[in-house]
Each structure stands twice: as structure tokens, then as C-alpha cells.
Student: 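What follows is a structure written as C-alpha cells; I'll ask about it next.
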Amino acid sequence: MNYLVGLTGGIGSGKSTVADMFAALGARIVDTDLISHQLTQPNGEAIPALRDAFGARIINAHGALDRAAMRELIFSHPEEKKRLEALLHPLILAQAKQQSACPTDAPYTLVVVPLLFENRRYSDWLHRVITVDCPEDAQIRRTMQRSKLDEVAVRAIMSQQLDRKSRLSLSDEVIHNNGSIEDLKAQVVEMHRRLSALAAESN
């Protein structure tokens, strides 16, 4: 049986860094953000349905989703966000399941889902869920540096996500990203050891 582990965390928590560390140790990574981009690139599987739902204005000259136009539409019509998610999320989950079902020599598969708890479709599929956690001020600082957004914009994004306390209470495991990179790596190494053992026991 393929052992499936979810990896989540708020914006700026360090999910990508942690996923890269797990990959270096031999875990198979299924990244739902990457799947989403593939679905919405030129000739992507989601493009016809997006065009039908929202019109040609949200498709760029190359035939891909125009993310700026989509953000503008959602900003002026917030209810359209739910329509977008209802269209994209089932396609993303189907692709994630397809990728996870492929044969692998990896001890387990790590499925990276930024909004894992907000999107309830994943709860009955994954065997365990890890949250990457850090203080909110660190989230804001990192996101501002990475995305060139101001603090108001970052806080607006965070307000759309599950709060830190709720996310931690729903998690099976927590990786604390509030120290050095060496400390983070040590936690991932130990977590990888335990997950590999759990995966072996489940077979």
C-alpha cells in the first residue's frame, strides 16, 4: 500500500523548503500547486471549463489562465472565488490521486496541499498530516520578502486561511520552522525516519 502523508501550513511557513528536504531524503513529492499550474497552462485540462465559466477575458493570449485578470475578477466579485475553487479543486485532487497511485520505490508519498484543512476533500484520503508552523510575524515577513506584497495584502491572504491554532489542532505532526535551517533539517530527518517506519508497518 502506498502510504500518503499530507504537508500543509500557512502562507510563508516554509512548506516548499520542508518539501525539498523530504525529497532529498527519498520521499516522493506530489505538489498540488504545481498540478494547479499545469491544469491552467496553455492547453491545460482546466482551460475549457474556465473559459466556459468566466469568459475569454480570464484567458491570456497564450491560452493560459490570466492570473492577474482572475484575481481582479475575484477582488470585485468575491463570490466567484468559490466557483473557481469548485471547478479547480476536484481536478487537482484527481491528478494528485493519479500521481500518488503510480508505482514508486519511495517509502511514502508526501502530498503538498497549502489549503489542506480548508479543502475537506483530502481528509479521508491521507494517512497522516504534517503542518509546518511558525509565528505569524515570521509568516508576514517572509511573504513580504518573497512576494513583494505589503503587510496589509499579506494579512488579507492570511485571513482567508485557517487560523494557526485550528491548523495545529487538526494536525497529526508539526514541524516548527522558527529556528535555524539546521534545526529544521534535523526535524525533517527525524520525521522522515518515523514516517518510513509507519509506512513499512502499514504494508
Side-chain angles (χ1 to χ4, degrees), residues 3-37 67-68 71 74-75 78 81-82 84-85 88-89 92-93 96 108-123 125-198:
Y3 198 75
L4 301 169
V5 181
L7 181 73
T8 193
I11 188 171
S13 60
K15 291 182 297 297
S16 297
T17 300
V18 168
D20 287 345
M21 289 178 176
F22 275 109
L25 293 170
R28 174 170 61 180
I29 307 298
V30 173
D31 187 338
T32 58
D33 264 355
L34 181 59
I35 291 171
S36 175
H37 278 85
R67 293 176 181 279
R71 275 195 299 271
I74 289 171
F75 183 76
K81 184 170 185 275
K82 287 186 178 177
L84 175 67
E85 290 172 348
L88 277 181
H89 285 174
I92 293 169
L93 178 58
Y108 58 91
T109 296
L110 192 74
V111 187
V112 186
V113 190
L115 299 177
L116 191 151
F117 295 124
E118 293 86 342
N119 183 351
R120 299 177 189 277
R121 291 177 171 88
Y122 292 85
S123 58
W125 177 50
L126 300 167
H127 296 100
R128 263 187 124 54
V129 175
I130 305 167
T131 285
V132 183
D133 179 63
C134 70
E136 290 186 357
D137 60 341
Q139 280 184 261
I140 293 166
R141 185 178 68 253
R142 289 173 188 159
T143 306
M144 287 173 66
Q145 288 171 349
R146 182 188 69 198
S147 304
K148 306 296 185 248
L149 297 170
D150 62 23
E151 184 174 341
V152 173
V154 176
R155 287 190 180 278
I157 294 169
M158 289 171 65
S159 73
Q160 299 290 310
Q161 299 182 346
L162 200 64
D163 65 272
R164 184 184 179 193
K165 184 178 178 182
S166 300
R167 192 184 295 115
L168 290 173
S169 71
L170 291 167
S171 304
D172 300 302
E173 311 278 0
V174 179
I175 290 177
H176 300 280
N177 186 13
N178 53 3
S180 67
I181 197 76
E182 289 76 18
D183 174 59
L184 186 63
K185 193 173 291 186
Q187 291 180 72
V188 172
V189 167
E190 172 59 20
M191 189 81 68
H192 174 73
R193 185 192 64 75
R194 290 200 295 111
L195 292 173
S196 297
L198 286 169

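Nothing here was measured: the structure is a model prediction, and the numbers come from that model.
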Student: Taking side-chain contact (heavy atoms from CB on, under 4.5 Å) as the test, write out the residues that go with Arg28, two or more places apart.
Tutor: Asn2, Cys102, Thr104, Ala106, Thr109
Student: To the closest 0.5 Å, what do you measure between OG (Ser16) and CG (Asp31)?
Tutor: 6.5 Å
Student: Hey, could you give me each pair passing side-chain hydrogen bond (donor to acceptor under 3.5 Å, both in side chains) that has a residue in residues 160-169? Not counting sequence neighbours.
Tutor: Asp133-Arg164, Asp163-Ser166
Student: Taking all heavy atoms of Arg142 and all of Asn177, pick out the closest pair and write down the distance.
Tutor: NH2-O, 3.0 Å
Student: Rounded to the nearest 0.5 Å, how far does CZ of Arg121 lie from CG of Leu115?
Tutor: 12.0 Å
Student: Within the side chain of Thr32, is there an N or O that forms a donor-acceptor pair under 3.5 Å with the backbone of Val112?
Tutor: yes
Student: Which atoms form the tightest heavy-atom contact between Ile140 and Glu151, and what is the distance?
Tutor: CG2-CG, 3.8 Å
Student: Do Leu184 and Thr17 come close enough that some side-chain heavy atom pair is under 4.5 Å?
Tutor: yes
Student: Measure the CZ-CG distance between Arg71 and Leu84 for me, rounded to the nearest 0.5 Å.
Tutor: 12.0 Å
Student: Mind running salt bridge (charged side-chain N to carboxylate O under 4.0 Å, His left out) on Lys82 and Glu85 for me, showing each step along the way?
Tutor: CA-CA 5 Å; Lys82 287 186 178 177; Glu85 290 172 348; over 6 Å; no
Student: Between CD1 of Ile35 and CG of Leu88, what distance do you get to the nearest 0.5 Å?
Tutor: 12.0 Å
Student: Measure across Glu118 and Leu162 and return the closest heavy-atom pair with its distance rounded to 0.1 Å.
Tutor: OE2-N, 2.6 Å
Student: I need the Met144 CE to Arg155 CZ distance, nearest 0.5 Å.
Tutor: 9.5 Å
Student: Ile130 and side chain to side chain contact (heavy atoms under 4.5 Å, CB included): which single residue from Leu195, Asp172, Val174, Val18 fits?
Tutor: Leu195
Student: Closest approach of Leu110 and Ala19, non-hydrogen atoms and distance?
Tutor: CD2-CA, 4.3 Å
Student: For a side chain to side chain contact (heavy atoms under 4.5 Å, CB included) check, start with the C-alpha distance between Val129 and Tyr122, then their side-chain angles and the critical distance, and finish with the verdict.
Tutor: CA-CA 10 Å; Val129 175; Tyr122 292 85; over 6 Å; no
Student: Using a 4.5 Å cut-off on heavy atoms from C-beta on, say whether the side chain of Val5 contacts that of Phe22.
Tutor: no
Student: Are Trp125 and Leu93 packed together at the side-chain level, in the sense that at least one heavy-atom pair is separated by less than 4.5 angstrom?
Tutor: yes
Student: Are Tyr3 and Ser196 packed together at the side-chain level, in the sense that at least one heavy-atom pair is separated by less than 4.5 angstrom?
Tutor: no
Student: Under a 4.5 Å cut-off applied to non-hydrogen side-chain atoms, are Leu34 and Ile29 in contact?
Tutor: no
Student: Could you tell me whether the side chain of Gln187 reaches within less than 4.5 Å of the side chain of Met21, counting heavy atoms only?
Tutor: no
Student: For Thr143, give me all partners under side-chain contact (heavy atoms from CB on, under 4.5 Å), at least two apart in sequence or on another chain.
Tutor: Ile11, Arg146, Ser147, Val154
Student: I'd like to know if the side chain of Thr8 reaches the main chain of Pro114, judged simply by a donor and an acceptor atom lying under 3.5 Å from each other, with no hydrogens or angles considered.
Tutor: yes
Student: Which heavy atom of Val132 sits nearest to which heavy atom of Lys15, and what is that distance?
Tutor: CG2-CA, 4.3 Å
Student: Between Ser13 and Cys134, which heavy-atom pair has the shortest distance, and what is it?
Tutor: CA-SG, 3.8 Å
